[in-house]
A.B. asks: 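Below you will find the structure I want to go over with you.
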Amino acid sequence: IQNELVRQSLTKPKTLIAAVVGSALLAAVAAAMTAAPWTYLWLLAQLVVGSNRLSVMKAFTKAEASGRNGNTLISVSAGLLFFSVFSVGCCQCIVSGEWLLILMAGIAIATLMGGVASRDAGTPRYGTIIICIMALPFAFAALRSPIPYLFIIGIQLPLYAVGVIFVMLENHKVLLDLHHSERENRRLAQYDLLTGLPNRTFNLNRLDQLLKGLRSAQGKLRQEFLLFCLDLDGFKDVNDSFGHAAGDAILVAVAQRLRNSVRSLDFISRIGGDEFVI
């Protein structure tokens, strides 16, 4: 489940594109208003790290789609770098003393924190780090600024960040509950409740996979497998003489003996009654 949540947090291109465009737009406005050297450097840095983050996400998604594990460390590092560059530029907006830039930077930080609370709810520790990277430096710069009353933002923003983090943790709990419910539903649909073995539906899906992989595109035999069907002689007499509880106990014992009698790569299922397939 944890791996699934990580993949979901690192494979959402639409929200990432919105964050890259928004941060680049803020840097472009700062450059147009002040023409200060740091604004052009900030704009260039946002475009570079934003493009890098998009390419990293594309590589991660491609790897996951091909059945390989994407590089989580590179994806997380790219995200931290992106938000660090964004945070530095927002702090410079306060240093510039331009009220419009300060207001736009505060709105951008608040918006991105809300987005992180939703987008990265599957990885709350990572999301908390990102929120702190954005909120705390900006709040510290506001507290130290000589601009009258700006210190109020420095006090308000950390409190708002804490609230957003609590929302993200609640979203994380909802996601976990959904994944647990989905996994339980899948288990109920594909496994026999009595013996814990895969049921008829799971068996048919597994058999279909094996048959599809039996021959290559050229028609040559690619892999072989053996199908072994068995049932229990006289099982009906046990149910009739000793009751279904005794019959259930036998089925559970047989299932356990079958597990102990095959290799880990073999597949056992109970397809109904006293019928088993290996």
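As the structure is a computational prediction, the values presented were derived from the model and not from experiment. One-based numbering along the sequence shown.
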A.B. asks: Check for me, please, whether Leu204 and Ile271 land in the same ILVMFWY cluster - side-chain distances under 4.5 Å, paths through other members count.
C.D. replies: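 No, no single cluster joins them.
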A.B. asks: Hey, could you give me the OG/CG distance between Ser181 and Asn185, rounded to the nearest 0.5 Å?
C.D. replies: 6.5 Å
A.B. asks: Do Phe82 and Val20 have side chains that get closer than 4.5 Å, going by heavy atoms?
C.D. replies: yes
A.B. asks: Before you tell me yes or no, could you show the steps for Phe225 and Leu207 under side chain to side chain contact (heavy atoms under 4.5 Å, CB included), namely the whole-Å CA-CA distance, both residues' side-chain angles and the distance that decides it to 0.1 Å?
C.D. replies: CA-CA 10 Å; Phe225 66 92; Leu207 187 59; 3.8 Å; yes
A.B. asks: So, Thr34 side chain and Ala31 main chain: donor-acceptor pair closer than 3.5 Å or not?
C.D. replies: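 No, the answer is negative, given that no donor and acceptor are paired below the 3.5 Å cut-off.
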A.B. asks: Working to the nearest 0.5 angstrom, can you tell me the gap between Asn199 CG and Asn205 CG?
C.D. replies: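 Asn199 CG to Asn205 CG: 9.0 Å, rounded to 0.5 Å.
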A.B. asks: Is it possible for you to say whether Ile268 and Tyr191 belong to one hydrophobic cluster, with membership spreading through side-chain heavy-atom contacts below 4.5 Å?
C.D. replies: no
A.B. asks: Taking it one step at a time, do Leu5 and Leu176 satisfy side chain to side chain contact (heavy atoms under 4.5 Å, CB included)?
C.D. replies: CA-CA 9 Å; Leu5 292 176; Leu176 278 181; 3.7 Å; yes
A.B. asks: Does the side chain of Gln46 come under 3.5 Å of the side chain of Ser23 through a donor N or O and an acceptor N or O?
C.D. replies: yes
A.B. asks: Looking only at atom types and distance, does a side-chain atom of Ser87 sit under 3.5 Å from a main-chain N or O of Phe83, one as donor and one as acceptor?
C.D. replies: no
A.B. asks: If you count the non-hydrogen atoms of other residues, nucleotides and ligands that lie under 6.0 Å from CZ in Phe140, is the total more than 12?
C.D. replies: no
A.B. asks: Does a side-chain heavy-atom distance below 4.5 Å link Leu188 with Glu184?
C.D. replies: yes
A.B. asks: Atom OG of Ser75 and atom OH of Tyr126: how far apart are they, to the nearest 0.5 Å?
C.D. replies: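 Taking OG in Ser75 and OH in Tyr126, the distance rounds to 8.0 Å.
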A.B. asks: Side-chain donor-acceptor pairs under 3.5 Å in residues 242-257, sequence neighbours left out?
C.D. replies:
residue	atom	partner	partner atom	Å
Gln256	OE1	Arg259	NH1	3.4
Gln256	NE2	Asn260	OD1	3.2

A.B. asks: Please name all residues satisfying salt bridge (Lys or Arg N to Asp or Glu O under 4.0 Å) with Lys58, sequence neighbours left out, ordered by chain then number.
C.D. replies: none
A.B. asks: Parallel, tilted or perpendicular, judged at 30° and 60°: which one describes the rings of Trp42 and Phe86?
C.D. replies: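 Rings of Trp42 and Phe86: tilted, 30 to 60°.
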A.B. asks: For a quick test of your reading: what N or O donor-acceptor pairs under 3.5 Å do the side chains of residues 231-240 make, sequence neighbours left out?
C.D. replies:
residue	atom	partner	partner atom	Å
Lys236	NZ	Asp240	OD2	2.9

A.B. asks: Are Val85 and Val76 linked, directly or through intermediate hydrophobic residues, by side-chain heavy-atom contacts shorter than 4.5 Å (ILVMFWY only)?
C.D. replies: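 Both belong to a single hydrophobic cluster.
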A.B. asks: Membership question, hydrophobic clusters at under 4.5 Å side-chain separation (ILVMFWY): are Val21 and Met134 in the same one?
C.D. replies: yes
A.B. asks: Please output the side-chain donor-acceptor pairs of residues 147-158 that fall under 3.5 Å, not counting sequence neighbours, one pair per line with the distance.
C.D. replies:
none

A.B. asks: How long is the span from the CZ atom in Phe276 to the SG atom in Cys229, to the nearest 0.5 Å?
C.D. replies: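 Between Phe276 CZ and Cys229 SG, I get 12.5 Å after rounding to 0.5 Å.
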A.B. asks: Has the side chain of His172 got a donor or acceptor atom that lies under 3.5 Å from a matching backbone atom of Pro124?
C.D. replies: no
A.B. asks: Please set out all donor-acceptor pairs under 3.5 angstrom arising from side-chain atoms of residues 96-105, sequence neighbours excluded.
C.D. replies:
residue	atom	partner	partner atom	Å
Ser96	OG	Cys93	O	2.5
Ser96	OG	Glu98	N	3.4

A.B. asks: Before giving the answer on side chain to side chain contact (heavy atoms under 4.5 Å, CB included), spell out for Asp192 and Phe202 the whole-Å C-alpha distance, their side-chain angles and the decisive distance to 0.1 Å.
C.D. replies: CA-CA 10 Å; Asp192 173 44; Phe202 200 167; over 6 Å; no
A.B. asks: Can you tell if the side chain of Leu230 reaches within under 4.5 Å of the side chain of Leu258, non-hydrogen atoms only?
C.D. replies: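 Yes, close enough: below the 4.5 Å cut-off.
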A.B. asks: Test Gln92 against Thr39 for side chain to side chain contact (heavy atoms under 4.5 Å, CB included), laying out the working first.
C.D. replies: CA-CA 9 Å; Gln92 282 296 120; Thr39 59; over 6 Å; no
A.B. asks: When rounded to the nearest 0.5 angstrom, what distance separates SG in Cys90 from CG in Leu26?
C.D. replies: 5.5 Å
A.B. asks: Walk me through whether Thr195 and Arg270 qualify under side-chain hydrogen bond (donor to acceptor under 3.5 Å, both in side chains).
C.D. replies: CA-CA 8 Å; Thr195 62; Arg270 180 192 175 205; 5.0 Å; no
A.B. asks: Report whether Val48 and Leu43 are members of the same hydrophobic cluster (ILVMFWY, side-chain heavy atoms less than 4.5 Å apart, transitive linking).
C.D. replies: no
A.B. asks: Would you give the length of the straight line joining atom OG of Ser261 to atom CD1 of Ile278, rounded to the nearest 0.5 angstrom?
C.D. replies: 7.5 Å
A.B. asks: Please tabulate, for the side chains in residues 49-57, all donor-acceptor contacts under 3.5 angstrom to protein atoms that are two or more places apart in sequence or on a different chain.
C.D. replies:
residue	atom	partner	partner atom	Å
Ser51	OG	Leu47	O	2.7
Ser55	OG	Ser51	O	3.4
Ser55	OG	Asn52	O	2.7

